[in-house]
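Structure first, then comments.
All chains are named by letter (A, B, ...) in the order of the sequence lines, taking the proteins before the strands, and each is independently numbered beginning at 1. Given the structure is predicted, the values throughout are model-derived calculations rather than measurements.
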Amino acid sequence: MPELAEVEYYRKQWNPGLGKTIKAVRINSRVRDFRDCPVKEMVRRLPGRRLEASQAHGKQMVFQFEPGAWLGVHLGMTGKLRFSAADPLPDPHAHLVLALPAGWLVFSDPRQFGKILFEVSVHPPHWWTRLPPEILSRDFTLRRLKAAVKRHRNTSLKSFLLMQRYFPGVGNWMADEILWRARLDPRRTPGSLDDGEIKALFQRLRWVCRQSLRIVGDHWGEFPESWLFRRRWKGGGACPKTRGPLVREPVGGRTTCWSPQWQK
DNA sequence: CAACCTGTTCGCCA
DNA sequence: ATGGCGAACAGGTT
C-alpha cells in the first residue's frame, strides 16, 4: 500500500530499534528486493552497528547506523516494516530480519517489488542525497511545477502526478485524491492547464500530502468520509461533493477513480 | 478460474 | 537525445 504517509508510518515501526545494536542479520538473498544490494557486505558489516536515526523521503527510507552505514528501504507494492517481539521465522516473506538484543526488526514483501540498498560510509550515499525536493519542502515551488508541466505537456495528469522525480511519494490513490480536490479530469494533459488550474494543483498537492501525513503518518488513522479515498476502491461509489456517480477506469495504465460532474 | 493490484523499470517507437 | 506508452516483474486477493 505504501505511498507518502504510509511510508512514514512504516518507518516509525522500526523506532523500537533506535539506540540498539544489531546482533545478527538474516536475509533471503534470492528475492528480487536485493537486486542492487551488496548482500554479503551487509550481512558482514551490519552486526555490531547501532541504529542511530531514520528518515523518509517520498517512498524512500534510510536507516542510519553507527559507525557509518546506511540501509535504504523502498517498500514497492507490498513491502512492510514491523517490530516483532517473537522470532518472525514462520513468515515466508520476511526477507530481511535484524536481530536486536530483544526483538527483531522485520522487512517483509510478498511481491518483491521493493528494494533494499546498503552502503558503508561516513557520509550519506548518493541515492539518498540526490533525491528531488519533497512536496512539503520550501524547494517545491510553483515555478518548479510549471517547469514540469512544460516538459511533460502531452501526458495525462494521472501519469504526470505519478512521476517520482517531481512528486516524490505520490501514488495511485493520492493522485486521484489530488485531482479530485483540484477539480481536474485525470485524462486532461498538463499542457492544457491554465495558470489558475496549475495553482490549484499545486495547492491541493501540498494539502493532500500534509493531511495524509497527519492522519496516517503518526498512527494508522481513518480518513474522513469527505475524502475520495473512502469511496474509490469499488465500483458504484458516489462523489462526496456532488453525490453523483464515480467513474473507475484505467488512465495512464492505472486504475483511476474520478467524478465526471465535479472534475473538468 | 480469471481478473486485478497503493510501484518501478525496461524496451520500443515517434 | 527526449517524451510517452505498454509490458514485465511475482504472488496474493477478490
Side-chain angles (χ1 to χ4, degrees), chain A residues 1-11 13 28-37 56-61 72-81 90-96 107-117 127 130-132 135 146-180 186-192 205 208-209 211-213 215-217 220-223 227-237 246-258:
Chain A
M1 29 179 87
E3 300 179 24
L4 185 89
E6 294 132 349
V7 170
E8 175 63 4
Y9 173 83
Y10 283 122
R11 180 187 69 81
Q13 302 312 298
N28 176 4
S29 61
R30 290 180 308 280
V31 296
R32 226 173 140 260
D33 304 77
F34 296 105
R35 60 200 177 278
D36 296 329
C37 180
H57 181 128
K59 296 175 189 171
Q60 180 74 42
M61 285 174 275
V73 178
H74 191 295
L75 297 171
M77 207 77 134
T78 53
K80 286 183 164 68
L81 298 183
D91 179 352
H93 302 299
H95 303 318
L96 175 64
F107 164 76
S108 64
D109 183 14
R111 224 169 143 188
Q112 302 175 35
F113 290 177
K115 188 188 280 197
I116 302 292
L117 300 172
W127 48 256
R130 290 184 181 173
L131 295 170
I135 292 167
K146 283 182 175 170
V149 163
K150 199 166 181 182
R151 190 159 183 159
H152 299 281
R153 61 184 83 92
N154 292 322
T155 193
S156 63
L157 285 174
K158 178 60 182 272
S159 302
F160 182 61
L161 285 182
L162 293 175
M163 299 179 86
Q164 299 299 297
R165 53 185 289 211
Y166 301 111
F167 313 113
V170 172
N172 203 25
W173 76 253
M174 283 182 77
D176 287 357
E177 188 77 36
I178 290 160
L179 290 171
W180 178 69
R187 299 166 300 182
R188 289 265 303 275
T189 63
S192 75
L205 256 164
V208 169
C209 286
Q211 294 304 316
S212 50
L213 277 171
I215 296 166
V216 169
W220 201 277
E222 277 264 53
F223 287 106
W227 283 52
L228 179 67
F229 181 85
R230 295 286 294 268
R231 328 284 167 112
R232 71 179 303 280
W233 304 109
K234 288 192 279 282
L246 294 170
V247 173
R248 223 177 97 87
E249 58 185 60
V251 177
R254 308 297 302 278
T255 297
T256 301
C257 178
W258 78 97

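With A/E6 contributing its side chain and A/V216 its backbone, the two residues share no donor-acceptor pair below 3.5 Å. Using modelled atom types, one side-chain atom of A/Q164 and one backbone atom of A/L162 make a donor-acceptor pair closer than 3.5 Å. Between the side chain of A/K158 and the main chain of A/R188, no donor-acceptor pair closer than 3.5 Å is present. With A/R153 contributing its side chain and A/K150 its backbone, the two residues share a donor-acceptor pair below 3.5 Å. Side chain of A/K115 to main chain of A/R32: no donor-acceptor pair is present (N/O by atom type, distance under 3.5 Å, no hydrogens or angles).
Closest of all the heavy-atom pairs between A/G169 and A/M174 is O-SD, 3.6 Å. Residues A/W220 and A/Y9 approach most closely at CE3-CD2, 3.3 Å, considering heavy atoms. Closest heavy-atom contact between A/I116 and A/V73: CD1-CG2, 4.0 Å.
Whole-Å rounding puts the A/E249 CD to B/dC5 C1' distance at 17 Å. Counting to the nearest Å, the P atom of B/dT8 and the CZ atom of A/F167 are 14 Å from each other. One atom, CG of A/D176, and another, P of B/dG7, lie 10 Å apart when rounded to the nearest Å. In this entry the distance linking CG of A/D36 with C1' of B/dT8 reads 11 Å, nearest Å. Rounded to whole Å, the distance from NZ on A/K80 to P on C/dG11 is 16 Å. C/dC9 atom P lies 16 Å from atom CG of A/D33, rounded to whole Å. Here the P atom of nucleotide B/dT9 and the CD atom of A/Q112 are 16 Å apart, to the nearest Å. Here B/dT8 presents its C1' atom at 8 Å from CZ of A/R35, a figure rounded to the nearest Å.
At a non-hydrogen distance threshold of 4.0 Å, nothing from residues 146-156 of chain A comes into contact with DNA chain B.
Of the candidates C/dG12, C/dC9, B/dT9, the closest approach to any side-chain atom of A/K115 belongs to B/dT9. Of the listed nucleotides (B/dG7, B/dT8, B/dC4), B/dT8 has the atom at the smallest distance from the side chain of A/Q164. For A/R248, the listed nucleotide lying nearest its side chain is B/dC5; candidates were B/dC5, B/dT9, B/dG7.
Side-chain nitrogen and oxygen atoms of A/R254 include at least one within less than 4.0 Å of the OP1 or OP2 phosphate oxygen of B/dG7. Look at A/H74 and you'll find a side-chain N or O under 4.0 angstrom from OP1 or OP2 of B/dT8. Contact check, A/T255 against B/dC5: a side-chain N or O comes under 4.0 Å of OP1 or OP2.
In this structure, A/T78 and A/F113 have side chains that are not in contact, with every pair of non-hydrogen atoms separated by 4.5 Å or more. At least one side-chain heavy atom of A/R151 sits under 4.5 Å from a side-chain heavy atom of A/Y166.
Nucleic acid contact class of A/G171 (heavy atoms, under 4.0 Å, all strands): sugar-phosphate only.
By the 5.5 Å and 30° criteria, A/F113 is stacked with the base of C/dC9.
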- So what is the 5' to 3' dot-bracket string for DNA chain B, if pairs are Watson-Crick or G-U wobble with both distances under 3.5 Å, crossing pairs use [ ] and | means the partner sits on another strand? .||||.||||||||
